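Starting from 1, each residue takes its place in the sequence as its number. Here the structure is a predicted model, which means the values were calculated and not measured.
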Amino acid sequence: MSKTTTPRGQRTVARHGRLSSPGPFAQLFRGLAIVLAVVLVAGGAVFAYAAIDLTRSFTADAVDLKGQPAVPPDLGELKGGVNLLLIGTDECEPDFAQLFGDRCSGDDAEGNLNDVNMLVHISDNPRRVTVISFPRDLMVPIPSCTDEDGNVNSAMSKQQINSAYLYGGLSCVASTISDLSGLEIPFAAKVSFGGVINITDAIGGVDVCIANGIKDPYTGIDWPAGMRQVKGLDALQFLRTRHGVGDGGDLGRISNQQQYMSRLANKLKSQEVLSNPATLYKLASTALRNVDPSTSLTNPLTLVQIASAVKDVPFDDIVFIQYPTYTDPYDANRVVPDYEDADTLWAALAANQPLELSGNLSDGDGVVVDENATPAPAETPAPSETATPEATDGAEPTPAPTSSAIALPSGIAGQTAAQATCSNGNVRE
């Protein structure tokens, strides 16, 4: 029987502050896998085969989202825009626990936090992809949620976003970000420790750029400046490093991860991957084995629909954004939403026009421009078959979007997949 419990806001759930205290890595890549390894690469027979073949394991831990709409089970064209939430939890898995020290064996070996939260917005025609990362140290309202034991946790007016998973699992995180963004989130997936190693091994390595040497005692990284191919454990450590880049905070780490995502997107869309069915199958199957989805994602045909919708999106229209924040006036190690800039972002996404970034690459100084990069060749998007949607059931036709870019406020940091950046290494003892 369910019982009502008091909010757990009195105890600190963060395992590190914004700038100072140490902690485990933010588990990015298993969420990234579903965005890039599945969404950008897949869309053909190889992925469909992998998806159907692995449906049972993929659906074993599926969860319902609060207010989740029904998803048609057909393979027709994906209609309208899509919002997909990807979260990374810091849970310890037996096969990898020895890699994470105190997180899995010390005082921190308790509870699972959603340390990575990415909202993937796929627009209606013309298709564009915007990935919004929400800092783990962001203080936000959390709605009433029911946890896995059936306990109903009361709503909280201000709590760290990475505690939402504690209070009600994937559905609670989705509700929290849906309330924050004002967007319906019909699709979501959860990933955990271990996937970085598994999926980066399947990819075969990604070349990343390090502008300055990275030395981080918490991840064991001691790398010189220059280009470096990372996979397996090295990729895991690169994505988790916080003390080794920028100002040592989570905002710098987010932009470092965005550099990786940008370079990975370029690799996945290259002929090196697309022309190799064996690599495609390995990527798709590894991704499916390493996520816990919402029930709305368990139909493999739905995944194929999403993949087909975005596989031809130009790099300029794949945008990685940090949710706008400013320092919490009551705690310098936390951040709070900049609602004014965020409202501008949501309005821009609703207008479905190209986004023009006018802010920094990183709010935490985590990356710099790669001065040695060769400019990416211009891409010509495929013409839309439905440039002006027709009215149905007497409804007014939806105005066709224009090509005029919308300039986002300077308080919104980020980069596109067409931009080349380098990790701003910061040697720290």
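- Listed here is the closest heavy atom pair of Q419 and S262: O-OG, 3.3 Å.
- A side chain to side chain contact (heavy atoms under 4.5 Å, CB included) with I321 is found for exactly one of L355, L119, V131, namely L355.
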- Message: Evaluate Q229 against D234 for side chain to side chain contact (heavy atoms under 4.5 Å, CB included), listing each step before the verdict.
- Response: CA-CA 9 Å; Q229 185 179 90; D234 278 352; over 6 Å; no
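- No side-chain heavy atom of V140 sits under 4.5 Å from any side-chain heavy atom of Y323.
- At a threshold of 4.5 Å between non-hydrogen side-chain atoms, the residues M118 and M261 count as touching.
- Annotation: the span from C172 atom SG to L166 atom CG amounts to 9.5 Å, rounded to 0.5 Å.
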- Output, in order, the C-alpha distance, side-chain angles, deciding distance and verdict of side chain to side chain donor-acceptor pair (under 3.5 Å) for S423 and N256. CA-CA 6 Å; S423 304; N256 189 54; 2.4 Å; yes
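- At distances below 3.5 Å, not a single donor-acceptor pair connects side-chain atoms of Q159 with backbone N or O atoms of M139.
- Between the side chain of S144 and the main chain of N153, a donor-acceptor pair closer than 3.5 Å is present.
- Looking at N426, its side chain does come within 3.5 Å of a backbone N or O of G246 through a donor-acceptor pair.
- Within the 4.5 Å cutoff, side-chain heavy atoms of V319 are placed close to those of L357.
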- Given side chain to side chain contact (heavy atoms under 4.5 Å, CB included), test N266 with F315 step by step and report yes or no. CA-CA 8 Å; N266 280 264; F315 289 134; 3.4 Å; yes
- Going through the distances and angles, do Q322 and Q258 end up as a side chain to side chain contact (heavy atoms under 4.5 Å, CB included)? CA-CA 9 Å; Q322 295 183 24; Q258 289 175 338; 4.1 Å; yes
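- Side-chain contact between P143 and D179: present, with at least one pair of heavy atoms (C-beta onward) separated by less than 4.5 Å.
- Here the OG1 atom belonging to T130 is positioned 6.0 Å from the NE2 atom belonging to H121, to the nearest 0.5 angstrom.
- Of all non-hydrogen atoms in S163 and I142, the two that sit nearest each other are OG-CD1, 3.6 Å.
- In this structure a side-chain-to-backbone donor-acceptor pair under 3.5 Å is present from N83 to E184.
- If you take CG on L236 and CD1 on I221, they are separated by 9.0 Å, rounding to the nearest 0.5 Å.
- The backbone N or O of N151 lies less than 3.5 Å from no partner atom in the side chain of D149, so there is not a single donor-acceptor pair.
- In summary, K158 and D328 engage in a salt bridge, as defined by a charged side-chain N under 4.0 Å from a carboxylate O.
- Shown here for A211 and V368, the closest heavy-atom pair between the two residues is CB-CG2, 3.6 Å.
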- Message: Could you go through N352 and S123, starting from their C-alpha distance and side-chain angles, then the distance that decides it, and tell me whether this counts as side chain to side chain donor-acceptor pair (under 3.5 Å)?
- Response: CA-CA 6 Å; N352 190 17; S123 69; 3.0 Å; yes
- Message: side chain to side chain donor-acceptor pair (under 3.5 Å) for D341 and T344? Distances and angles first, verdict last.
- Response: CA-CA 5 Å; D341 280 358; T344 302; 5.2 Å; no
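- With hydrogens and angles ignored, the 3.5 Å screen pairs a side-chain donor or acceptor of S294 with a backbone N or O of A188.
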- Item | Evaluation steps, side chain to side chain donor-acceptor pair (under 3.5 Å), between T241 and D216 | CA-CA 7 Å; T241 187; D216 180 0; 2.8 Å; yes
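- Rounding to the nearest 0.5 Å gives a distance of 8.5 Å between CD of Q160 and CG of L138.
- Counting heavy-atom neighbours within 6.0 Å of Y330 OH, excluding the residue itself, gives a total of 12 or less.
- Residues S358 and S410 meet the side-chain proximity criterion, which asks for heavy atoms closer than 4.5 Å.
- Rounded to the nearest 0.5 angstrom, T295 OG1 and F187 CZ are separated by 10.0 Å.
- Taking the six-membered ring where the residue is Trp, Y260 and F238 present tilted rings, their angle falling between 30° and 60°.
- Using a 4.5 Å heavy-atom threshold, the side chains of L170 and I87 count as touching.
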- T89 and L113: side chain to side chain contact (heavy atoms under 4.5 Å, CB included), yes or no, with the steps? CA-CA 5 Å; T89 57; L113 306 177; over 6 Å; no
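- Not one N or O on the side chain of D365 forms a donor-acceptor pair closer than 3.5 Å with the backbone of S362.
- Across all their heavy atoms, N114 and Y165 have their closest contact at OD1-N, 3.0 Å.
- Closest approach of G411 and D363 over heavy atoms only: O-OD2, 4.1 Å.
- Of the inter-residue distances, the one linking W346 atom CH2 with Y339 atom OH reads 11.5 Å to the nearest 0.5 angstrom.
- The two residues I185 and S178 have their closest heavy-atom pair at CD1-N, 3.7 Å.
- Salt bridge status for R136 with D115: present, with a side-chain N to carboxylate O gap under 4.0 Å.
- For the pair Q257 (side chain) and L239 (backbone), a donor-acceptor distance under 3.5 Å is present.
- Inter-residue side-chain proximity for D338 and T325 is flagged as unmet; no heavy-atom pair is nearer than 4.5 Å.
- A salt bridge links D370 with R263; the closest basic N to acidic carboxylate O contact falls under 4.0 Å.
- Between L85 and I177 there is a side-chain heavy-atom pair separated by less than 4.5 Å.
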